[in-house]
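Presented below is the structure to which this report refers.
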Amino acid sequence: MTASTAQTGTAQTGASTLDDEELEALRDTVREVCADAGGTTSVRELDENGRGYDERLWRVLAQEVGLAGLGLPGPYGDGGLAELAVVCEELGRVLAPVPFLGSTVLAGQVLARCGPLSTTALKALAEGQVHALAVADADGAWRPENLAVTAQPAGDGWRLTGMSPFVLDGTAAAGFVVAAAGPDGVDVFTVAAGAPGVTARPTECLDLSRSQAMLLLDDAPAVRVTVGGTGATAVTEGLDLALVALSAEQLGGAQACLDMTVAYARERTQFGRAIGSFQAVKHRCADMLLQVETARSAVLRAVAVQDDPSALAEAAAVAQSWCCEAYAWVAEETVQLHGGIGFTWEHDAHLYFRRAVADAALLGGSAHHRERLARLLGW
Amino acid sequence: MPTPTLEQWREQVRRWLAATLPPKGFDHDEEPDDYAVFHNLSDEEERALLDRARAYQRARFDAGFQALTLAEEHGGRGLPAAYATAFAQEETGFAVPPSTELISVTVGLVGSAVAVYGTPEQRRRLARAFQRTDLLACQLFSEPGAGSDLAALSTKAVREGDAWVLTGQKVWTSGARFADYGMVLARTDPEVVKQAGITAFLVPMDAPGLTIRPIRQMSGGSSFNEVFLERVRVPDALRLGAPGQGWEIANATLAFERSASGAGRRRKGGSVGDVVALARRLDRTGDPLVRQRLADLHVRAVLHAATVDRVARATAAGRRPGPAASITKLMASQTLTLTGRVAAEVMGARIAADTGEPGTFAWTGHLLGAPGYRVAGGTDEIQRNLIGERVLGLPREPRADNGAFSRLPRS
Ligand SMILES: Cc1cc2nc3c(=O)[nH]c(=O)nc-3n(C[C@H](O)[C@H](O)[C@H](O)COP(=O)(O)OP(=O)(O)OC[C@H]3O[C@@H](n4cnc5c(N)ncnc54)[C@H](O)[C@@H]3O)c2cc1C
């Protein structure tokens, strides 16, 4: 698919071309690279390097493994939603602090649905240069009628003014993909991080493994990459893909929580027996498995309809409705079933707890998507 | 016969269903707002219902659509579970006659058990008759002292010549009054550990010494019963499997049950679509809280179906369902329970008193039946034990019942 079909508004995600075996090989590669980087220890080292992501790990994943353009149409990338889901699940499993979701998935999928002027940004993004998507309103939801950024034509370009909060990986981004209200309606714009009038103010984050910024735009120069008020469709359709990718990340995180809890329940002994032999613990683990397996069904169900935008919209809303609450609950129980050690800074449980709560707020959360679902189903 | 692809299969199934049954909604008045999980019928009505269900099962058998996942060596089609799931999905588009527990026990459990463990003679004479529902069979497993702990059963069978003499009491036996045979588990050796001393038999339900008493359940009807066995003589030719093999056979049978009920192959109570229709009729779909509840129900129902599908695909042809069946059984009972709860919330006071508005108070049949499915076929708690121990590999609890059955404490 090329940029010319993009203008017609058809789906602009690459096609899934890998068979099951190749998908598993991709999964193994990502898992190995993350393990080499030290798993969750790379999250703990983030404070020191300051940019809000692990640059070395991102370089390997983005360039050596070639994931920066995953899910984008040729010539920028390859693969589709099946590949994105596998990678997000694996990154979510170890909370890998890389801008894959923010740049490749969120910014990439929206850009891929924009017109020919997006090619420069897409090319850079696919080479691993971090881009961030700034479309949230003050509550963090995507509501095109509620944007706090406005666009004005200026000469042969555009100027943006306003504020966009909750910009994932915004502190590290070289470029921003911004939704703004202009004279024709909502359009998508690209903005360079270093341009005059552009400030990405880092925000303190609950999730220690990822950074967010508040993007402040003061008459900042921008390139309009959708035309005539078609931006809302590009963002909505791009986000549907991202909702599934986020669900996969939540699945990976929840699975990691379950795995660590079951391992602990097998080895920790109290009252002369493994705590996993107590039914209060065993049944909780069984319920956690139920949540995780249901999340897996949600992701696979959505991947299966990736080529049908309206089925995908329903499946993406279903997946987020389930996965946000499932991950948050599983992470909370992970802390509980580890007892005192689970409440320490030293233990990984809180890193997952933080990610789970942040993820549940990232793209709207369960209640928001249930309401969307009600609308999609015509209720 | 080469295995058709799933798509070809669906096509074959659809063609057969279309030739056999009217499409859904065609006979609309025939099933007025029945959301009951368990029927509450007179014996005549129950018989009439069974007759309709049997006519359909026979047609299904004769067309080669029965025993789909059973191995070919056992007379089944040897298809992966995904094909049975697809069959059930295709059925939802047609006016399939309502089924009952007895039909699913006969076809899915006893029919399969006899097909797998029966002698050639039993398979020829009985397995086919059960699968075709020419004969109906109930499941005489549970006892007053042995429910979740089924292996603690104390009905005994003593060998006398070429027959066995059975004495004891069974309970919660679904459909016993309409069954021709009962698959009974009895203790043949009390001097070994409890699981080892059990043997399975097929007992004619009209055998002298066997009495059936209906038990009324909380939903009002009497689909289950207690069954008393007072020196009931069963010829050795009706022994199923070897002496002492009863526990293995029981577990295989229970696994068939779990996967069948988890897969929701039989319609139980109202569906999510029914709740949505109710909300529309009562003009409640504009209420944000109702919308949340309906959407939550939709999410759970579609994800349950997707999980059933996934488990089915992972179960190879002819293989017995594994411990994953416990996951879908638990999801099924949760979805069933939630469906009743949301329906009740949507209709407000109408769940408590019949205003005469159609399709409202009828939901009490769902609400009062759902708890039965959290108990039947292994309780929710037992499913969690199975998931914890067999799927997650968590350690078992210390047990107090390791010695010979005759020396165990009993309640
Ligand atoms: C509608 C219906 C139809 C049925 N049909 C049949 C049938 O056709 N044939 C047949 O043989 N049986 C049938 N049954 C019986 C069913 O299999 C048993 O009721 C069930 O296995 C539970 O046994 P119980 O009733 O003795 O309860 P108990 O085993 O006494 O359980 C009581 C409570 O204790 C809990 N409990 C017990 N053991 C444990 C444990 N180890 N860990 C945690 N919790 C535990 C249970 O979960 C339950 O909540 C039917 C039951 C119902 C409700």
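Values below: all heavy atoms of this structure, side chains included; hydrogens, waters and symmetry mates excluded. Note that this is a predicted model, so its numbers are computed, not measured. In the text below, chain A, chain B and the rest are named by the order of the sequence lines, each starting its count at 1.
- Judged by distance alone, the side chains of Gln255(A) and Arg296(A) do bring a donor and an acceptor atom under 3.5 Å apart.
- Within the 3.5 Å criterion, the main-chain N or O of Gly377(B) finds a donor-acceptor partner in the side chain of Gln383(B).
- Glu381(B) touches chain A through backbone and side chain together, each having a heavy atom under 4.5 Å away.
- With chain B as the partner, the residue from Ile275(A), Leu289(A), Val281(A) showing the most heavy-atom pairs under 4.5 Å is Leu289(A).
- Residue Arg310(B) touches chain A through its side chain alone, counting heavy-atom pairs closer than 4.5 Å.
- Here Ala367(A) is the residue among Ser366(A), Ala317(A), Ala298(A), Ala367(A) with the most heavy-atom pairs under 4.5 Å with chain B.
- Interface remark: Asn385(B) contributes backbone and side-chain atoms alike to the contact with chain A (heavy atom separation under 4.5 Å).
- Classified by interplanar angle (parallel below 30°, tilted 30° to 60°, perpendicular above 60°), the ring pair Trp9(B)/Phe87(B) is tilted.
- For chain A, no part of Val290(B) is nearby; none of its heavy atoms comes within less than 4.5 Å.
- Judged by distance alone, the side chain of Glu83(A) and the main-chain N or O of Thr17(A) form a donor-acceptor pair under 3.5 Å.
- Tested against Lys194(B) for a side chain to side chain contact (heavy atoms under 4.5 Å, CB included), the candidates Asp149(B), Asn402(B), Leu153(B) yield a single pass: Asp149(B).
- Contacts between Arg284(A) and chain B at a heavy-atom distance below 4.5 Å are absent for every atom of the residue.
- In terms of heavy-atom pairs under 4.5 angstrom with chain B, the leader among Leu290(A), Leu377(A), Asp259(A) is Leu290(A).
- Looking only at heavy-atom pairs under 4.5 Å with chain B, the residue among Ser277(A), Ala286(A), Ala274(A) that has the most is Ser277(A).
- Aromatic ring pairs are classed by plane angle as parallel below 30°, tilted from 30° to 60° and perpendicular above 60°; the pair His298(B) and Trp379(A) is perpendicular.
- Only the side chain of Glu314(A) comes within contact range of chain B, judged by heavy atoms closer than 4.5 Å.
- Formation of a donor-acceptor pair under 3.5 Å by the Arg281(B) side chain with backbone atoms of Gly359(B) is found in this model.
- A salt bridge does not link Arg293(B) to Asp287(B): none of the charged nitrogens lies less than 4.0 Å from a carboxylate oxygen.
- Chosen from Leu294(B), Asp309(B), Val391(B), the residue pairing most often with chain A at heavy-atom distances under 4.5 Å is Leu294(B).
- Between chain A and the options Val276(B), Thr285(B), Val299(B), Asp296(B), the largest number of non-hydrogen pairs under 4.5 Å is found for Val299(B).
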